[in-house]
Amino acid sequence: MDGIADTFPPASEADWRRLVERVLDSRPFEALVSTTFEGLRIAPLYPRATVEGARALRQHHGPWKISQRVDHPEPETANQMARADLIGGADALTLTIAQAHSARGFGVRIGTERDLDAALAGIDLDLVSLRIDAGARALDIAPAFASMARNRRLTSASLDVDFGHDPVGHLARTGVLPPGRGVAEMHKLLRDAGFAGHLLFADGRPYHEAGAGEAQELGCVIATGVEYLRLLEADGLSLEDAGSEIAFLLAADADEFLSLAKFRALRLLWARVESACGLTPNPMRLHAETAFRMMTKYDPFVNILRTAMGVFCAGVGGADAITVLPFTLALGLPDDFARRIARNTQLILIHEAKLAKVADPAAGAGSFEVLTDELCARAWRLFQDFEAQGGMIASLRAGVPQREIAAVAAARREAIAQRTLSITGTSAFPLLAEAPVSVLETAPTAANESPAAGDCVPLPSRRDAEPYESLRAASEEQFRQTGGGAKIFLANLGRPQGFAAAASFAVNFFAAAGIEAVSNEGFETPQEAADAFRASGCKIVCICVPGAVTMQSLIEAARALLGAGAARISLAGRAPGESEMALREAGVAEFICAGGDALAILGDALAVALGEWQS
């Protein structure tokens with residue numbers, strides 16, 4: 001019997017394009033092509049890759065390591081949590097030390113070897129992979145760990161430990177380059193003790209959190225790796241030994257195509273570096289951590305979906321170990337529930353979704369192969385630009401990566417402000433009545449200090465949601481102080497079926513700043529709306545109308561509301577068009593529609609609603 005595929009005629013790309021052009025209805029085909037913030041074009045359809053290229057495979061066959069973050073300040077409590085995580089399915093740990101930037105205000109307080117021993121008590125370190133996230137203290141923690149292992153009579157060669165020393169990343173974050181002394185000595189100490197892990201760390205997080213695009217993060221990471229090769233070679237190590245001392249980390253965000261292609265690209269890029277150095281390419285140690293940049297404080301349960309997509313991208317893209325940031329991390333120190341969700345996200349994707357059963361499953365898929373190649377090409381050009389400056393350290397001192405990243409970050413912030421890049425639960429579909437989530441301790445407020453003079457201008461660290469969160473926090477603070485938050489009156493004109501779409505858009509739009517909409521069933525006349533507005537006690541109002549309403553009715557409504565004491569009038573459901581001047585003269589301050597600067601509009605509206613408006 002013929003297969004089901006034989007009952008359908010074969011379809012070509014030309015057939016597909018004819019159908020698409022019919023749906024586009026005179027719009028150009030280019031309307032379906034999107035562009036990343038770095039200028040990479042993403043087409044709606046790609047042909048199957050017919051030429052097999054290099055494969056992006058992880059170091060070892062089988063699933064990636066589930067690395068659980070350990071960050072409770074008290075070593076004994078951190079140990080209890082880590083042991084529970086290992087019992088619950090994790091097979092690796094990310095030991096986050098206090099005062100490291102990635103500790104986010106928490107981290108295990110390790111002052112002595114005794115503290116380190118307490119944090120890792122009862123853990124079979126020869127069976128568990130460990131990444132130490134100590135920031136500038138990596139060279140202090142490494143000898144303490146070696147001494148602890150010696151005291152426990154552990155065979156060092158069986159210990160899978162990455163010590164995370166990243167002086168270039170520290171320079172990028174703080175503007176200060178740590179002293180270069182001690183790296184060769186530490187390498188010798190660890191190798192003489194039999195350690196087979198990695199001392200140095202080429203970390204993409206400082207660049208990703210500053211707003212870097214995928215190619216920029218890749219370019220900075222491979223340039224950092226090359227900087228470390230030079231550092232170790234200058235200290236007398238062979239290139240083979242130097243390469244074995246470097247591990248890598250990329251941030252895994254929720255952009256499926258680009259994030260997955262980014263992980264595949266890094267392996268190919270580093271293999272090219274090794275080949276250029278005359279080395280036989282070996283699979284790198286590639287860590288992943290879900291991106292802090294994409295985490296939100298409001299509707300934090302959406303973070304579970306974001307991190308799940310990040311794990312998918314990193315796992316399918318070939319990461320060796322993945323750390324999932326708990327979904328409440330932006331709010332404070334995660335509790336057992338948030339930690340369990342972080343752990344189970346990976347367990348489900350490995351054991352139920354079977355994502356690790358196929359090595360490099362994106363291989364041969366046209367979209368992923370093309371994006372991987374394009375990211376490689378662009379990242380390599382950036383890397384060459386950094387090399388032309390004298391390497392990554394010299395480039396940071398000259399401000400080259402900072403300028404490149406700032407341009408992309410500005411475009412990203414603009415898209416977020418205009419909501420063309422929406423943040424679910426924050427700028428899109430916010431939930432004002434959401435129940436609070438539990439954390440063990442509230443996150444400390446970040447200090448707004450000017451950076452001290454250093455070797456270069458430090459990169460900022462931002463989450464995408466912060467601008468909207470600051471507006472909403474101001475409304476919540478007003479509520480805590482007075483018992484009443486910011487509100488906006490919806491002047492719904494006509495019948496519900498006419499204004500419903502505009503009113504729904506306005507409710508969600510203003511909720512992004514914590515402004516609660518006071519709605520109604522609609523008004524027959526502008527004066528009725530004005531009278532209801534006056535009785536509501538609100539200071540600001542949004543006129544919500546069907547698209548067919550007459551211009552004269554809009555002008556009358558605006559004038560009536562202005563006469564009723566409206567301090568600021570917005571209009572939803574009608575683009576201004578040629579009538580913008582007449583509507584503004586009638587009192588309309590803002591037009592609520594897609595593509596406008598939502599952050600600016602919401603900031604002005606909130607200031608008026610809270611009584612802080614200054615003309």
Side-chain angles (χ1 to χ4, degrees), residues 417-419 427-430 432 471 475 484-611 613 615:
Q418 295 176 351
R419 303 203 309 171
S427 67
F429 309 109
L432 291 182
L471 294 177
S475 181
K487 294 185 179 182
I488 185 168
F489 182 81
L490 300 188
N492 300 321
L493 300 183
R495 298 182 179 277
Q497 59 266 34
F499 63 73
S504 177
F505 185 86
V507 167
N508 283 286
F509 181 89
F510 288 101
I515 303 174
E516 180 184 356
V518 178
S519 194
N520 45 73
E521 294 300 316
F523 306 99
E524 293 295 331
T525 67
Q527 191 56 51
E528 289 180 9
D531 292 340
F533 165 73
R534 184 183 291 109
S536 71
C538 295
K539 297 179 181 179
I540 58 177
V541 59
C542 182
I543 302 172
C544 300
V545 295
V549 71
T550 65
M551 183 57 56
Q552 186 59 37
S553 296
L554 287 178
I555 292 174
E556 290 177 4
R559 288 173 176 169
L561 290 165
L562 199 62
R568 190 172 184 83
I569 302 173
S570 302
L571 173 63
R574 179 73 173 264
E578 297 178 355
S579 306
E580 180 175 353
M581 185 60 68
L583 289 168
R584 290 196 182 278
E585 290 175 353
V588 176
E590 298 292 352
F591 299 90
I592 309 304
C593 55
D597 191 339
L599 271 176
I601 295 171
L602 290 171
D604 291 346
L606 184 63
V608 178
L610 298 181
W613 176 255
S615 59

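Counting heavy atoms from C-beta outward, F509 and L602 have side chains that approach closer than 4.5 Å. With contacts defined as side-chain heavy-atom distances shorter than 4.5 Å, the pair S553/L493 does not qualify. Contact of the L471 side chain with the L599 side chain is registered, since non-hydrogen atoms from C-beta on lie closer than 4.5 Å. Side-chain contact check for M551 versus L583: some heavy-atom pair is nearer than 4.5 Å. Contact of the F499 side chain with the L490 side chain is not registered, since no non-hydrogen atoms from C-beta on lie closer than 4.5 Å. Proximity of N508 to P430: side-chain heavy atoms (C-beta onward) are separated by under 4.5 Å at one or more points. No side-chain heavy atom of I601 sits less than 4.5 Å from a side-chain heavy atom of F591. Between D531 and F523, every side-chain heavy-atom pair lies at or beyond the 4.5 Å cut-off.
Shortest non-hydrogen contact noted between C538 and K487 is SG-CB, 4.0 Å. Nearest heavy atoms, P526 versus A560: O-CB, 4.0 Å.
Formation of a donor-acceptor pair under 3.5 Å by the R568 side chain with backbone atoms of A589 is not found in this model.
The CG atom of L432 sits 8.0 Å away from the OG atom of S475 when rounded to the nearest 0.5 Å. Rounding to the nearest 0.5 Å gives a distance of 8.5 Å between SG of C542 and CG of N492. Atoms CZ and SG, from F505 and C544 in turn, are 10.5 Å apart once rounded to the nearest 0.5 Å. Remark: L561 CG to Q527 CD distance equals 9.0 Å, nearest 0.5 Å. A distance of 8.5 Å separates CZ of F533 from CD1 of I540, quoted to the nearest 0.5 Å. With values rounded to the nearest 0.5 angstrom, Q418 atom CD is found 12.0 Å from S427 atom OG.
At most 12 heavy atoms of other shown residues, nucleotides or ligands fall within 6.0 angstrom of atom CD in E521.
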(request) Please lay out, stage by stage, how I569 and L571 fare under the test side chain to side chain contact (heavy atoms under 4.5 Å, CB included). (result) CA-CA 7 Å; I569 302 173; L571 173 63; over 6 Å; no
